[in-house]
Amino acid sequence: MPPLPPLLKRFRPSQLTIALLLVYGVPAAAQQTAPEAEKPVATNKPVETKTPVPATAPTPKPANPAAGAGVQKVEISGAKGYDERRQDTASKIVVTQEEILRYGDTNIGDVLKRLPGVTIGGVQGRGGGIRFRGLGNGYTQVLLNGEPSPPGFSLDSISPDIIERIEIIRGANAELSNQSIAGAINIVLRKAISTAQREVKLGGQEENGRFGGNASVQLSDKAGRLSYSISGNLIRGNFKRPSQIQRIGTDSNGQVDELSNTDALSIGNFTGIGLAPRINWNLENGDTITNQSFLNANRFIGSTTEVDKVTLGPLPPYSYDNQRSKSEAINFRSNLNWVHKLADSAKLDVKFGVDFNKRNTDTTLLGF
């Protein structure tokens with residue numbers, strides 16, 4: 001190899017320069033030559049090309065313009081999801097209709113006697129006083145569909161078959177017109193009409209040789225947009241209730257200074273009738289018209305005789321007294337409710353009501 005010129009000797013590559021060229025130069029050269037190797041070599045032979053045959057797809061049918069004209073209506077219904085006992089904001093005891101009819105009671109008074117903390121006094125057929133435990137009469141209010149019951153209203157004249165539920169509210173409640181101290185008993189009449197029903201019940205009772213009977217009827221059905229329900233009951237009873245009262249009085253030293261016995265006898269009869277029709281009409285525009293009425297009429301005739309026998313102590317003002325009572329009461333209430341749907345899930349609720357009450361009571365007292 002001939003010697004390099006003096007100028008090129010200054011730029012003579014070292015071993016390190018040669019190594020770097022080998023590392024970075026060989027891959028670059030490979031990248032440049034690789035595409036050229038992939039190019040097809042030109043030949044004079046004809047090239048056969050195969051054209052893929054497309055798969056035959058089913059020819060779409062022309063859309064039916066009448067198929068999409070109407071939208072199918074879908075209705076979804078489920079079980080009742082509201083539990084009055086658990087989800088109500090007020091503290092109350094709710095007695096459902098199944099529990100009311102479980103024991104076959106003929107009047108609502110017998111149903112209330114089994115409720116905890118509720119006491120009913122008075123004579124059957126006269127709507128005795130209702131009180132909660134710890135308070136006397138007059139502190140408990142009786143409501144009918146959330147409104148105060150009319151004067152002379154008798155619980156014995158209501159059949160359990162026409163009641164949907166009973167609510168025992170202890171204390172004041174802003175949702176109801178409750179003006180009592182102890183609380184209120186709200187009797188809610190049947191409203192929902194689930195299935196057609198035709199039912200008649202007959203019953204009888206006996207008390208000390210006096211017989212009575214009761215009958216109830218339940219009719220409900222639907223006819224197009226109109227649904228109706230008619231509930232009624234009739235009760236007739238006779239009673240004879242003897243009782244004896246013994247009085248013992250002592251002085252400051254614990255000695256008995258008064259001793260007397262009183263024999264009492266109550267005899268009488270009562271008649272009550274109740275009718276609760278309900279009509280629900282759904283209009284084509286979505287409005288709802290509902291009419292709920294309630295008619296209650298009762299009559300009571302009875303007498304109570306008391307005879308005092310004094311063994312020790314002063315005589316009473318009257319040793320014999322007889323009290324005769326006759327009372328008649330008629331209560332009628334009707335409510336008309338119109339619900340009109342507005343935009344954005346709003347609604348207009350209009351109510352009209354009629355209330356009529358009449359009561360006559362005659363009492364005669366004879367004593368000597």
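In what follows, residues are counted from 1 in the order of the sequence shown. Note that this is a predicted model, so its numbers are computed, not measured.
Every salt bridge (charged side-chain N to carboxylate O under 4.0 Å, His left out) that Glu328 has, sequence neighbours left out, goes to Arg299. Partners of Phe352 according to the ring pair (Phe, Tyr, Trp, His ring centres under 6.0 Å) rule, which considers only residues two or more places apart in sequence or in another chain, do not exist here. Listed by chain and residue number, nothing satisfies the side chain to side chain donor-acceptor pair (under 3.5 Å) test with Ser243 (two or more places apart in sequence, or in another chain). For Asn285, the side chain to side chain donor-acceptor pair (under 3.5 Å) criterion is met by Asp287, not counting sequence neighbours. With sequence neighbours excluded, the residues that form a side chain to side chain contact (heavy atoms under 4.5 Å, CB included) with Leu315 are Val310.
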Give the intermediate values and the outcome of side chain to side chain contact (heavy atoms under 4.5 Å, CB included) for residues Ile235 and Thr271. CA-CA 6 Å; Ile235 182 172; Thr271 305; over 6 Å; no
Determine whether Leu144 and Phe294 satisfy the following criterion, side chain to side chain contact (heavy atoms under 4.5 Å, CB included), listing intermediate values before the conclusion. CA-CA 10 Å; Leu144 187 64; Phe294 176 74; 3.5 Å; yes
Before giving the answer on side chain to side chain contact (heavy atoms under 4.5 Å, CB included), spell out for Asn233 and Asn214 the whole-Å C-alpha distance, their side-chain angles and the decisive distance to 0.1 Å. CA-CA 7 Å; Asn233 68 289; Asn214 60 84; over 6 Å; no
Using side-chain hydrogen bond (donor to acceptor under 3.5 Å, both in side chains), reason through Gln218 and Ser231 one step at a time and then give a plain yes or no. CA-CA 5 Å; Gln218 178 73 31; Ser231 303; 2.5 Å; yes
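Side-chain polar atoms of Arg324 and Thr364 form no donor-acceptor pair below 3.5 angstrom. Remark: the Thr290 side chain and the Asn280 side chain contain an N/O donor-acceptor pair separated by less than 3.5 Å. Between Ser334 and Ser293, the side chains place a donor N or O and an acceptor N or O closer than 3.5 Å (distance only, hydrogens not considered). A donor and an acceptor atom, one from each side chain of Asp308 and Ser260, are nowhere located under 3.5 Å apart.
Salt-bridge formation is detected for the pair Asp355/Arg333: a Lys NZ or Arg NE/NH1/NH2 atom is positioned less than 4.0 Å from an Asp or Glu carboxylate oxygen. Looking at Asp221 and Arg198, a side-chain N of the basic residue comes within less than 4.0 Å of a carboxylate O on the acidic one, giving a salt bridge.
Here Phe270 and Phe300 keep their ring centres 6.0 angstrom or further from each other.
Minimum heavy-atom separation, Asn269 to Phe239: N-CE2, 3.7 Å. Among all heavy-atom pairs drawn from Asn145 and Asn186, the shortest one is N-OD1, 3.6 Å.
Annotation for Ile267: hydrophobic cluster partners, listed by chain and number, are Leu265 (ILVMFWY side-chain heavy atoms under 4.5 Å, direct or chained).
Leu202 and Phe211 are members of different hydrophobic clusters when ILVMFWY side chains are connected at heavy-atom separations under 4.5 Å.
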